[in-house]
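Residue numbers run from 1 in the order of the sequence given. Bear in mind the structure is a predicted one, so any value in this text is a computation, not a measurement.
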Amino acid sequence: MTIRTRCGAWLVTLLLLAGSASLQAKTPDDQLIVGMNMNNLLTLDPAAMTGNEVVGIVVNLYDGLVELDPRQLTTVRPALAESWQIAPDNRSLSFRLRDGVRFHSGNPLTSADAVWSMRRVLHLNLAQASVWKSYGFTKDNVDQMIDAPDAQTLVVRLPKPNDPRLVLYSLAALGSMVVLDSKTVQANAVNNDWGNRWLTTHAAGSGPFRLDGWQAKDVLTMSRAPGYWRGEAKMRRVVFRHLQESQTLRLMMEKGDLDIASNIQIPDVRALRNDPDLSIHSVRRGTLYYLAMSMKDAHFDSPKVREAIRYLVDYQGINKSLMTGYGILHQRPIQSGMPATLPDPGYRLDIARARALLVEAGYPDGFDTTLRVLADQPFLNVAIAIQSTLMQAGIRARIITGTGNQIYGAMRDRQFGLLVGRGGSGVEPHPHSSLRSLVYNPDNADSARLTNFQGWRTGFYDAQLNRMIDEALVERDAEKQRQAYFAIQQRYDRLIPALMPISQMVDSVVVNNRVQAYQPHPSATTFLRDVWKTPESLAGGTP
């Protein structure tokens, strides 16, 4: 961006924030203007992306084989694959791709592109390879496991026993296995990097929108792709603007300068609830807020100490006073709303019981420790509340704040005492999605470096629990599988885990009432192809 352009953008921003009445124009009828914090938007490469923000962009530039219905997450809908079959032995899936689909480049989309795209994820071995490696795929076997018998057929063989429904959910929800234009990407590859450098700031998809450009921490624009196979998108253009401050997002939504805003702090969301021109969409996600303990620390290696900590969290008070708009009370490792999720065990703050447990553990006077937390809300307020109740039992926790890399980096290095965090996947509507992230730990050795498994991060390991998770995944009888997940949760609870769920995440998105057919998605794969806006000339201020 030139200096003149930057100065112009700066001046416009100042005028907007000054509230000049002459500049309070509404957004164009044929453009969707989205405000969001882009600090975590680091790459547009589907194989390397991290965070929910980029997923919501990628799924509008590319198409996947299948997708999840946002109103009924366990329903898998056709996308590029018009049909699919699961083999009787549950060891492979076959997809029949649609005829006549073309990439934005004009190249025809075939099963060879799908095979290349899926193999690419494992060969690059970047962020999005983790889930697929947990299914047994590696860069050494993926070329044999995924192939294309003909131009419209794709076959995915599973390297080890699995529940093929979970694989379908992952294909639909994660955005990592979208289909790339292999010819275009390979033409822009450098030093055998599978096009990774080029795809950081470019796109090569077949989705409803095509990328116009992206300036990091500034603006990303995409325009309607002509001849899209589902029918062209309703909006001519979508503009994502980087707006870091919550109050700025709030002001611009009030003035009508944005159509949609995410990453707004809850106090600002509350302030917008009574605006007749705006609606608040609350989406429950599978991610959990938790208190974690490191069993590499001698204090928390003791089951009695962990049990004492269990009774030193005011779950009900925290959720009532601090988590409104951020989350809802939840104390199980499997997200709520699933048939396999047990009711909450009902843990409550009990100082006397915690003190007695600490005496049994050999800490009648408590002990000193640290409590790491992001310097953001609601994390910091939750940590302060927990620090206060820990102190009542003699545990003196010094709060250490920092960025995501600093806080979760210490957790990945297993160098922490206590930590308030958020995680647990839960993207796929399957119990294993949560257990894989929060509980499963196949190798507790430091050298294993299983940093994507929070069971490993906390040092929590139980061989029987691992076996139970493996066996439940491949159980083919639905009722037996459900009972197996009940048993896993019961054993996990009895073992006094090192990670205690506190609340299940709720995400709030503010939407102008002119915007129609917007459906936020629990897995962050929000599709914008059918979104349209009531013309300003007809809106009359409110639709």
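Leu166 and His432 get closest at one heavy-atom pair: CD2-CD2, 3.5 Å. Nearest heavy-atom pair across Thr43 and Thr200 is OG1-CA, 3.4 Å. Taking all atoms of both residues into account, the shortest heavy-atom contact from Val509 to Ile260 is CG1-CG2, 3.6 Å. The two atoms that bring Asn441 and Tyr461 nearest to each other are O-CD1, 3.1 Å, heavy atoms only.
Ring orientation note: the planes of Tyr485 and His430 are nearly perpendicular, at an angle over 60° on the 30°/60° scale. Taking the six-membered ring where the residue is Trp, His299 and Tyr363 present tilted rings, their angle falling between 30° and 60°. The aromatic rings of Tyr315 and Tyr347 sit tilted relative to each other, their planes meeting at an angle between 30° and 60°.
Ring pair Phe300/Phe416: centre-to-centre distance not below 6.0 Å.
The CG atom of Leu243 lies 11.5 Å from the CE atom of Met253; values are rounded to the nearest 0.5 Å. Distance check, rounded to the nearest 0.5 Å: CG of Leu435 to CG of Leu465 gives 8.0 Å. Atom CZ of Arg306 sits about 10.5 Å away from atom CE of Met500, to the nearest 0.5 Å. Interatomic distance, CD1 of Ile264 versus CG of Leu258, reported as 8.0 Å (0.5 Å rounding). Rounded to the nearest 0.5 angstrom, Thr27 OG1 and Asp259 CG are separated by 3.5 Å. The distance from the CD1 atom of Ile33 to the OG1 atom of Thr221 is 10.0 Å, given to the nearest 0.5 Å.
The number of heavy-atom neighbours closer than 6.0 Å to CZ of Arg482, taken from other residues, nucleotides and ligands shown, is above 12. The number of heavy-atom neighbours closer than 6.0 Å to NZ of Lys133, taken from other residues, nucleotides and ligands shown, is above 12. In the displayed structure, Arg449 atom CZ is contacted under 6.0 Å by more than 12 heavy atoms of other residues, nucleotides or ligands. Within 6.0 Å of atom CD in Gln483, more than 12 heavy atoms from other residues, nucleotides or ligands are found, so the atom counts as buried in its surroundings. Heavy atoms from other residues, nucleotides or ligands lying under 6.0 Å from CZ of Arg412 number more than 12.
Counting heavy atoms from C-beta outward, Tyr492 and Val439 have side chains that approach closer than 4.5 Å. Side chains of Val219 and Phe240 form no contact here, defined as non-hydrogen atoms less than 4.5 Å apart. The closest side-chain heavy-atom distance from Trp456 to Asp443 is not below 4.5 Å. Residues Gln128 and Pro46 have side chains not in contact (no heavy-atom distance under 4.5 Å, counting atoms from C-beta outward).
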Fill in: Criterion side-chain contact (heavy atoms from CB on, under 4.5 Å) on Tyr289 and Ile318, from CA distance to verdict
CA-CA 11 Å; Tyr289 291 91; Ile318 287 172; over 6 Å; no

Item to complete: Applying side-chain contact (heavy atoms from CB on, under 4.5 Å), run through Met38 and Glu53 and close with a yes or a no.
Response: CA-CA 7 Å; Met38 293 186 181; Glu53 294 84 3; over 6 Å; no

Discussion item. Using salt bridge (charged side-chain N to carboxylate O under 4.0 Å, His left out), reason through Asp275 and Arg250 one step at a time and then give a plain yes or no.
Written reply: CA-CA 11 Å; Asp275 190 319; Arg250 169 184 165 184; over 6 Å; no

Fill in: Residue pair Arg355, Asp365: steps toward the salt bridge (charged side-chain N to carboxylate O under 4.0 Å, His left out) verdict
CA-CA 9 Å; Arg355 282 184 174 276; Asp365 300 318; over 6 Å; no

Item to complete: Start with the C-alpha gap between Leu41 and Trp214, add the side-chain angles, then the distance that decides, and say whether side-chain contact (heavy atoms from CB on, under 4.5 Å) holds.
Response: CA-CA 10 Å; Leu41 186 60; Trp214 171 41; 3.8 Å; yes

Practice prompt. Go through the steps to decide whether Thr389 and Val313 satisfy the test side-chain contact (heavy atoms from CB on, under 4.5 Å), and finish with yes or no.
Written response: CA-CA 7 Å; Thr389 50; Val313 177; 5.6 Å; no

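With Arg414 as reference, Asn444 is the one residue of Asn444, Thr451, Thr458 to meet the side chain to side chain donor-acceptor pair (under 3.5 Å) rule. Across Thr287, Leu174, Val131, a single residue satisfies side-chain contact (heavy atoms from CB on, under 4.5 Å) together with Val427, and that is Leu174.
There is no side-chain donor-acceptor pair under 3.5 Å between Ser134 and Tyr440. Counting only N and O atoms by type, the side chains of Arg284 and Gln335 include no donor and acceptor under 3.5 Å apart. No hydrogens or angles considered: a donor-acceptor pair under 3.5 Å links the side chains of Ser246 and Asp268.
Annotation: side-chain hydrogen bond (donor to acceptor under 3.5 Å, both in side chains) contacts of Gln415 (sequence neighbours excluded): none.
With salt bridges taken as basic N to acidic carboxylate O contacts below 4.0 Å, one links Arg310 and Asp493.
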Name the atoms and distances for all side-chain donor-acceptor pairs under 3.5 Å in residues 397-406, with sequence neighbours left out.
| residue | atom | partner | partner atom | Å |
| --- | --- | --- | --- | --- |
| Thr403 | OG1 | Gln406 | N | 3.4 |
| Thr403 | OG1 | Gln406 | OE1 | 3.4 |
| Gln406 | OE1 | Thr403 | N | 2.7 |

